[in-house]
*Asks:* 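Handing you a structure now.
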Amino acid sequence: MDKLIALTIERELSKILEYCIPVVLGIFIFIIPCPFNTAFQEISFYLSAGLLLLLILRRQTHFSFASPFTVPFMLFSLWVFICIPFALNKGNSFHDFYAHLLKYLFIFYLLVNYFKSKRLFIILSWIIVISITIFSIGGIIYFYFLSGGTLRSRFGLPEAGVDINHIGFLAVPALFIAITLFTGSGISKKLFLCLSVISAISAVVLSGTKGALLGLIIPIAFLFTKQKKITAIALLFLLSLIVITPFKSKLHVQKLQDAVVAEVEENRFSIWHAYLQVVKKYPVGGIGYGMQSYNRDFFIQNNFIVPSIAGSKNDKSFFKPHNTLIDLTVRTGFVGVCLFLYCIYMFFRVGWLLCRDKKDNFVRNWSLCIMACGLSLFIQGMFVDLMIGLQLVYLFIFFAMINILWQINQYTSK
């Protein structure tokens with residue numbers, strides 16, 4: 001009898017521990033856009049790791065690495081690790097390998113193991129939308145009403161770790177997920193989702209970032225197949241907001257021509273040209289995964305042209321390439337960037353296969369949404385850096401979400 005009671009208690013304890021992991025992960029994801037979130041994120045990350053370790057030691061979890069992404073992730077991670085001994089800054093390369101790759105891979109596998117049902121997938125989607133909606137509304141109120149910003153001031157919160165160029169990484173995916181959540185939601189939820197759509201579009205337009213606008217307009221075509229009405233309303237609101245804000249001046253033909261000339265002569269193209277010099281010297285393995293290798297001394301010592309980045313007079317500052325593919329080519333060489341593109345290819349391949357499968361409308365609709373989110377991040381990553389910060393966390397979250405849909409589809413196909 002005592003053994004039976006002990007066994008029952010042990011089973012219940014294991015269930016509680018397994019329930020705690022998604023809760024802690026949900027907290028981790030919810031606070032991503034929050035200011036001063038580092039300590040809370042570290043606590044939630046290591047707490048979830050500790051819970052998983054305890055379950056593994058007790059042999060009471062079915063944690064699995066089975067995934068279409070395991071091979072591409074393993075190859076990319078292995079290449080980054082192999083290149084560490086040859087990096088210019090070995091210590092920082094190892095730090096960034098752990099902090100900006102392995103940790104997010106761990107988050108990926110936690111999500112695919114503990115959010116693998118339709119119900120938990122929807123909960124995860126709501127967590128993302130609610131979190132970013134609160135950030136967008138709170139950020140706009142703080143920036144324009146409390147801090148004295150005007151409509152001509154581009155919306156951004158660098159003090160909260162979200163620069164002007166990074167607003168779109170948050171707002172656009174939240175918009176796509178909110179549109180998809182409309183199906184099957186009640187009146188009260190739809191009202192909140194309307195607020196989410198309005199706040200997300202407002203954040204994008206007020207940031208005045210053309211990369212974010214492209215990252216919204218191009219992928220939103222994925223949503224037209226199943227969400228025509230709400231998608232059309234969202235685009236109409238987007239156009240209306242552009243018309244009544246200073247953003248419209250950037251879309252005039254002459255302004256666009258001037259912007260292209262400025263990019264070629266002064267801005268991103270000149271920066272990319274400077275970094276292509278580095279690629280020529282370190283074509284195979286790059287200079288190392290650590291981003292602290294991007295500093296003024298590195299360019300001067302190698303007789304490279306110093307990138308024309310405003311405010312980069314501090315030797316310790318990061319000279320970011322403002323393009324994800326160039327960034328990865330510099331840091332990991334042509335081999336590394338090809339392996340990263342393999343990961344991106346797998347993301348869209350899995351999504352495309354899920355879209356073609358007509359067995360489950362849930363999987364089809366959500367695969368279109370998550371592909372749109374991933375494409376948005378990738379488009380924006382051609383103008384700013386994707387492989388560091390909150391945008392990289394969301395990239396691995398969307399990898400996980402498309403993988404969860406793949407798991408759901410595999411289960412329903414049996």
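Quick note: residue numbers are just sequence positions, from 1.
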*Asks:* Please list all pairs meeting salt bridge (charged side-chain N to carboxylate O under 4.0 Å, His left out) that have one or both residues in residues 127-153, counting only residues at least two apart or in different chains.
*Replies:*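 Non-adjacent pairs meeting salt bridge (charged side-chain N to carboxylate O under 4.0 Å, His left out): zero.
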*Asks:* Once salt bridge (Lys or Arg N to Asp or Glu O under 4.0 Å) is applied, do any residues pair with Lys116, and if so which ones, sequence neighbours excluded?
*Replies:* none
*Asks:* Could you measure the distance from the CH2 atom of Trp366 to the CZ atom of Phe121? Nearest 0.5 Å is fine.
*Replies:* 5.5 Å
*Asks:* Residues in ring pair (Phe, Tyr, Trp, His ring centres under 6.0 Å) with Tyr345, at least two apart?
*Replies:* none
*Asks:* Walk me through whether Ser153 and Thr150 qualify under side chain to side chain donor-acceptor pair (under 3.5 Å).
*Replies:* CA-CA 5 Å; Ser153 304; Thr150 66; 3.3 Å; yes
*Asks:* Is there a side-chain contact between Cys194 and Phe182, using heavy atoms and a 4.5 Å cut-off?
*Replies:*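 Heavy-atom side-chain distance check passes, below 4.5 Å.
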*Asks:* Is any side-chain heavy atom of Phe135 less than 4.5 Å from a side-chain heavy atom of Ile167?
*Replies:* yes
*Asks:* Please name the residue in the list Phe73, Phe108, Phe106 that meets the ring pair (Phe, Tyr, Trp, His ring centres under 6.0 Å) test with Phe396.
*Replies:*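 Option passing the ring pair (Phe, Tyr, Trp, His ring centres under 6.0 Å) with Phe396: Phe73.
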*Asks:* Step through the shown structure and confirm whether more than 12 heavy atoms of other residues, nucleotides or ligands are within 6.0 Å of NZ on Lys189.
*Replies:* no
*Asks:* Ile137 pairs by side-chain contact (heavy atoms from CB on, under 4.5 Å) with which of Ile198, Leu195, Ile132?
*Replies:*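 With Ile137 as partner, Ile198, Leu195, Ile132 yield a single side-chain contact (heavy atoms from CB on, under 4.5 Å), made by Leu195.
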*Asks:* Any side-chain heavy atom of Ile201 sitting closer than 4.5 Å to one from Val204?
*Replies:* no
*Asks:* Nearest 0.5 Å please: distance from the CG atom of Leu51 over to the CD1 atom of Ile16.
*Replies:* 11.5 Å
*Asks:* If every non-hydrogen atom of Met382 is compared with every non-hydrogen atom of Leu325, which pair is closest and at what distance?
*Replies:* CE-CG, 3.8 Å
*Asks:* Kindly indicate whether the side chain of Ile287, heavy atoms from C-beta on, has any atom under 4.5 Å from the side chain of Asn89.
*Replies:* no
*Asks:* Quick one: which residue pairs count as a side chain to side chain donor-acceptor pair (under 3.5 Å) with a foot in residues 173-187, not counting sequence neighbours?
*Replies:* Thr183-Gln227
*Asks:* Identify, with sequence neighbours excluded, every residue that meets salt bridge (Lys or Arg N to Asp or Glu O under 4.0 Å) alongside Asp360.
*Replies:* Lys118
*Asks:* Keeping to residues at least two apart or across chains, list the side chain to side chain donor-acceptor pair (under 3.5 Å) pairs with something in residues 23-35.
*Replies:*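 Residue pairs with at least one partner in residues 23-35: there are none.
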*Asks:* Please report, to 0.1 Å, the donor-acceptor pairs under 3.5 Å made by any side chain of residues 22-40, with sequence neighbours excluded.
*Replies:*
residue: Asn37; atom: ND2; partner: Ile31; partner atom: O; Å: 2.8
residue: Asn37; atom: ND2; partner: Ile32; partner atom: O; Å: 2.7
residue: Asn37; atom: ND2; partner: Cys34; partner atom: O; Å: 3.3

*Asks:* With Tyr104, which residues qualify under ring pair (Phe, Tyr, Trp, His ring centres under 6.0 Å), at least two apart?
*Replies:*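 Here no residue qualifies.
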*Asks:* Determine whether more than 12 heavy atoms belonging to other residues, nucleotides or ligands lie under 6.0 Å from atom OH of Tyr19.
*Replies:* no
*Asks:* Using residues 398-407 as the side-chain source, report each donor-acceptor pair under 3.5 Å to any protein atom, sequence neighbours left out, with the distance given to one decimal.
*Replies:*
residue: Asn403; atom: OD1; partner: Ser67; partner atom: OG; Å: 2.5
residue: Gln407; atom: NE2; partner: Val112; partner atom: O; Å: 3.0

*Asks:* Quick one: are Ser64 and Tyr109 in side-chain contact, heavy atoms under 4.5 Å?
*Replies:*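 Side chain of Ser64 against side chain of Tyr109, heavy atoms only: no contact under 4.5 Å found.
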*Asks:* If you count every heavy atom of other residues, nucleotides or ligands that lies below 6.0 Å from His100 atom NE2, does the total exceed 12?
*Replies:* yes
*Asks:* Closest heavy-atom contact between Ala234 and Ile179?
*Replies:* CB-CD1, 4.2 Å
*Asks:* Can you tell if the side chain of Thr209 reaches within under 4.5 Å of the side chain of Leu213, non-hydrogen atoms only?
*Replies:*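 Thr209 vs Leu213: side chains apart.
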*Asks:* Could you tell me whether a side-chain N or O of Thr245 sits under 3.5 Å from a main-chain N or O of Leu241, the two making a donor and an acceptor?
*Replies:* yes
*Asks:* On the 0 to 90° scale, with breaks at 30° and 60°, tag the Phe192-Trp126 ring pair as parallel, tilted or perpendicular.
*Replies:*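 Ring orientation, 0 to 90° scale: tilted.
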*Asks:* Name all residues meeting the ring pair (Phe, Tyr, Trp, His ring centres under 6.0 Å) criterion together with Phe63; count only those two or more places apart in sequence or in a different chain, and write none if there are none.
*Replies:* Phe65
*Asks:* Heavy-atom distance under 4.5 Å between the side chains of Ser77 and Leu101, does that happen here?
*Replies:* yes
*Asks:* Taking ring pair (Phe, Tyr, Trp, His ring centres under 6.0 Å) as the cut-off, I'd like each qualifying pair that reaches into residues 138-163, sequence neighbours left out, listed once.
*Replies:*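 Every pair satisfying ring pair (Phe, Tyr, Trp, His ring centres under 6.0 Å) with a residue in residues 138-163: Phe143-Phe155.
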*Asks:* Please report the C-alpha distance between Leu55 and Ile21 in whole Å, then the side-chain angles of each, then the deciding distance to 0.1 Å, and finally whether the side chain to side chain contact (heavy atoms under 4.5 Å, CB included) criterion is met.
*Replies:* CA-CA 10 Å; Leu55 286 168; Ile21 291 179; 3.8 Å; yes
*Asks:* Go through the steps for Phe94 and Lys90 under the test side chain to side chain contact (heavy atoms under 4.5 Å, CB included), then give the verdict.
*Replies:* CA-CA 6 Å; Phe94 183 80; Lys90 297 175 180 60; over 6 Å; no
*Asks:* Consider only side-chain N and O atoms of Ser136 and Ser199, and report whether a donor and an acceptor are under 3.5 Å apart.
*Replies:* no
*Asks:* Might you confirm whether atom NZ of Lys281 has over 12 heavy atoms from other residues, nucleotides or ligands at distances under 6.0 Å?
*Replies:* yes
*Asks:* With side chains defined as the heavy atoms from C-beta onward, is the minimum distance between Val197 and Leu193 less than 4.5 Å?
*Replies:*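 Val197 vs Leu193: side chains apart.
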*Asks:* Who pairs with Phe81 by ring pair (Phe, Tyr, Trp, His ring centres under 6.0 Å), at least two apart in sequence or on another chain?
*Replies:* Phe97
